[in-house]
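A short write-up of the structure that comes next.
Computation of the quantities below employed the complete heavy-atom set of this structure, encompassing side-chain atoms and omitting hydrogens, waters and symmetry-equivalent molecules. Per chain, numbering begins at 1; letters A, B, ... match sequence-line order.
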2 protein chains.
Amino acid sequence: MISCLLVEDQTLVRLGLANLLNLSDVICVEGQAENGEEALNQLEQRDFDVMLLDMRMPVLDGLGVLRALQNSTKCAPPILIITTFEDCEVLVSAMALGAKGYVLKNIELEELIESIKQIVAGRKVLQPALTDYLLQKQISPQIELTEKERQVLTCLSLGMANKTIARNLHNSEGTIRNHVSHILAKLEVQDRTQAVLKAIELGLV
Amino acid sequence: MISCLLVEDQTLVRLGLANLLNLSDVICVEGQAENGEEALNQLEQRDFDVMLLDMRMPVLDGLGVLRALQNSTKCAPPILIITTFEDCEVLVSAMALGAKGYVLKNIELEELIESIKQIVAGRKVLQPALTDYLLQKQISPQIELTEKERQVLTCLSLGMANKTIARNLHNSEGTIRNHVSHILAKLEVQDRTQAVLKAIELGLV
DNA sequence: TTTTCGCTATGACATCTGTCACTGTTTTTG
DNA sequence: CAAAAACAGTGACAGATGTCATAGCGAAAA
């Protein structure tokens, strides 16, 4: 029987998932936490075979937990990240911080149980759908904006006009126009609206 | 016994929640769907007392389902939106489209069951935490766009120029300009970029 | 040191954008 | 039916937007 610490802020999701896992004959959710701090407390008090960790949480999020464990002397259980597609940007950081694998919340139950077994056995679990996505993002030519350009882009995605941006950043309107022009070129788009859309898509803002 | 259709894309969450609800002695999850289209299919085939509807889904999202039901002659069950704090911007649209209430996914189980009973009894359920947030955001009164305006707005949020939109929708550029002008007025913004941002924020696209 | 790069700035230019007024047709609604 | 919308269009206009060439300044890199 694999003892498991489940860390997830949404009550319904946590209870539901715990229930499902407990119905299996190999996994037993023996600890639950609804944020990172609680998780760390639970780890203080007893040992687990594995920790299922959500990324987005109040108080202390998934990355926070991983950081805390790295700086701690205590020997933590292997960690499987359970996250949504929307939050997958932080996965690279999570893996760098010592997580042993990641799966999407919309994974099938059977597959999740299999993943947990793999993690406990010391192997890594990288769900293909996510890996593909991350690789594709990395392959996509990285857009390098200067500090000023980033500022202007932020203003753009707040819907500001050139004149307004100029006032905000204490520049002439002409200067801002130049920056905008460079941003459009770097993002390979034709106008500010497309720039904002692309920036949102790429998570630049 | 209340028969319930549960619409939620994340498999684990859906199964877990169904399980929890079925453990109660008043609610029975008799249908499940992992996207809006499946939900509509299920509604075709049989009746339910209530539908629990997630907002963010692939294929056809929550708003899409509500729109489809509004344009349909069929008598749909009352709908309770179950969503996350992050997606709550679209709730105003959802309510305008006929949803009967909304709760957060991190609601307590007891409270959720109580909410479902209220909905089935014909009352509305507006979870205070969300209502407060929305009021604080001073969400403007429901924005009513015409069909054509919606089409143009969609084009706008794809980053199209007026000329491109005109070609796409088979209109003169002047006509498109007029439509854009009306959209800006209705959204109470100054230019197309702000319109796109607001449209995204309000879930109009 | 020389070069490169980021930032600032200006002026000119073509084009795009949004507003307004006004004219119609068609469809919906009271 | 009559009024009200939605839809399509035109022409004119002011202002916003984006491009380009050019140039000075300071800091960092070669």
Side-chain angles (χ1 to χ4, degrees), chain A residues 141-202 204-205, chain B residues 67-73 93 96-98 140-202 204-205:
Chain A
Q142 316 168 16
I143 288 148
E144 297 213 4
L145 297 179
T146 68
E147 178 58 24
K148 196 70 185 190
E149 284 163 357
R150 231 188 312 280
Q151 288 175 23
V152 173
L153 181 54
T154 303
C155 291
L156 284 181
S157 39
L158 291 173
M160 292 187 196
N162 290 334
K163 203 169 285 184
T164 316
I165 301 178
R167 216 181 308 121
N168 265 272
L169 302 184
H170 307 295
N171 289 123
S172 81
E173 187 183 338
T175 301
I176 299 301
R177 285 223 281 260
N178 287 336
H179 286 312
V180 170
S181 198
H182 293 147
I183 292 172
L184 299 187
K186 288 188 180 177
L187 295 188
E188 297 175 310
V189 296
Q190 277 70 54
D191 58 57
R192 64 213 285 110
T193 307
Q194 291 177 13
V196 169
L197 288 169
K198 189 138 188 176
I200 293 175
E201 185 196 336
L202 296 182
L204 294 180
V205 290
Chain B
R67 268 191 220 102
L69 291 179
Q70 259 204 343
N71 297 334
S72 131
T73 56
S93 315
L97 285 169
S140 48
Q142 178 59 19
I143 289 152
E144 296 215 7
L145 296 180
T146 68
E147 179 56 26
K148 196 71 186 187
E149 284 163 356
R150 230 190 311 280
Q151 288 175 22
V152 173
L153 181 53
T154 301
C155 291
L156 284 181
S157 41
L158 291 174
M160 291 187 196
N162 289 336
K163 203 168 286 184
T164 315
I165 301 177
R167 215 180 310 122
N168 265 273
L169 301 185
H170 307 294
N171 290 124
S172 81
E173 188 183 336
T175 301
I176 299 300
R177 285 223 282 261
N178 287 335
H179 285 311
V180 170
S181 198
H182 293 147
I183 292 173
L184 299 187
K186 287 188 181 178
L187 295 188
E188 295 175 312
V189 294
Q190 277 69 55
D191 58 58
R192 66 212 286 110
T193 307
Q194 292 178 14
V196 169
L197 288 169
K198 189 141 190 175
I200 293 174
E201 186 191 339
L202 295 181
L204 294 180
V205 291

Margin query: For a 4.5 angstrom cut-off between non-hydrogen side-chain atoms, does T146(A) reach H179(A)?
Written below: no
Check: For I165(A) and dA16(D), what is the distance between atoms CD1 and C1' respectively, to the nearest whole Å?
Finding: 12 Å
Margin query: Categorize T175(B) for me: base, sugar-phosphate, or nothing, with a 4.0 angstrom heavy-atom threshold over every strand shown.
Written below: base
Margin query: Expressed as a whole number of angstroms, how long is the span from I176(B):CD1 to dC7(D):C1'?
Written below: 11 Å
Check: Which listed nucleotide (dA8(D), dT17(C), dA16(D)) is nearest to the side chain of A161(B)?
Finding: dT17(C)
Checklist line | Nearest-neighbour nucleotide for the S172(B) side chain, dG18(D), dT10(D), dC7(D) considered | finding: dT10(D)
Check: Pick the nucleotide of DNA chain D nearest each of E173(B) and Q190(A); which residue has the one closer to the 5' end?
Finding: E173(B)
Checklist line | N162(B) side-chain proximity, nearest of dT8(C), dA8(D), dT17(C) | finding: dT17(C)
Next item on the list: Just compare dG9(D), dC7(D), dC7(C) and give me whichever is closest to any side-chain atom of E147(A).
Entry: dC7(C)
Item checked: Closest nucleotide among dA8(D), dC13(D), dG6(C) to the R177(B) side chain -> dC13(D)
Next item on the list: Answer yes or no: is there a donor N or O on one side and an acceptor on the other, between the side chain of S157(B) and the main chain of L153(B), under 3.5 Å?
Entry: yes
Checklist line | Residue pair N162(B) / V180(B), side-chain heavy-atom distance below 4.5 Å | finding: yes
Notebook entry, point to check: So which of residues 178-186 of chain B are in contact with DNA chain C, with a heavy-atom cut-off of under 4.0 Å?
Noted result: N178(B), V180(B), S181(B), L184(B)
Check: Is there a donor-acceptor pair closer than 3.5 Å between any side-chain N or O of K186(A) and the backbone N or O of E144(A)?
Finding: yes
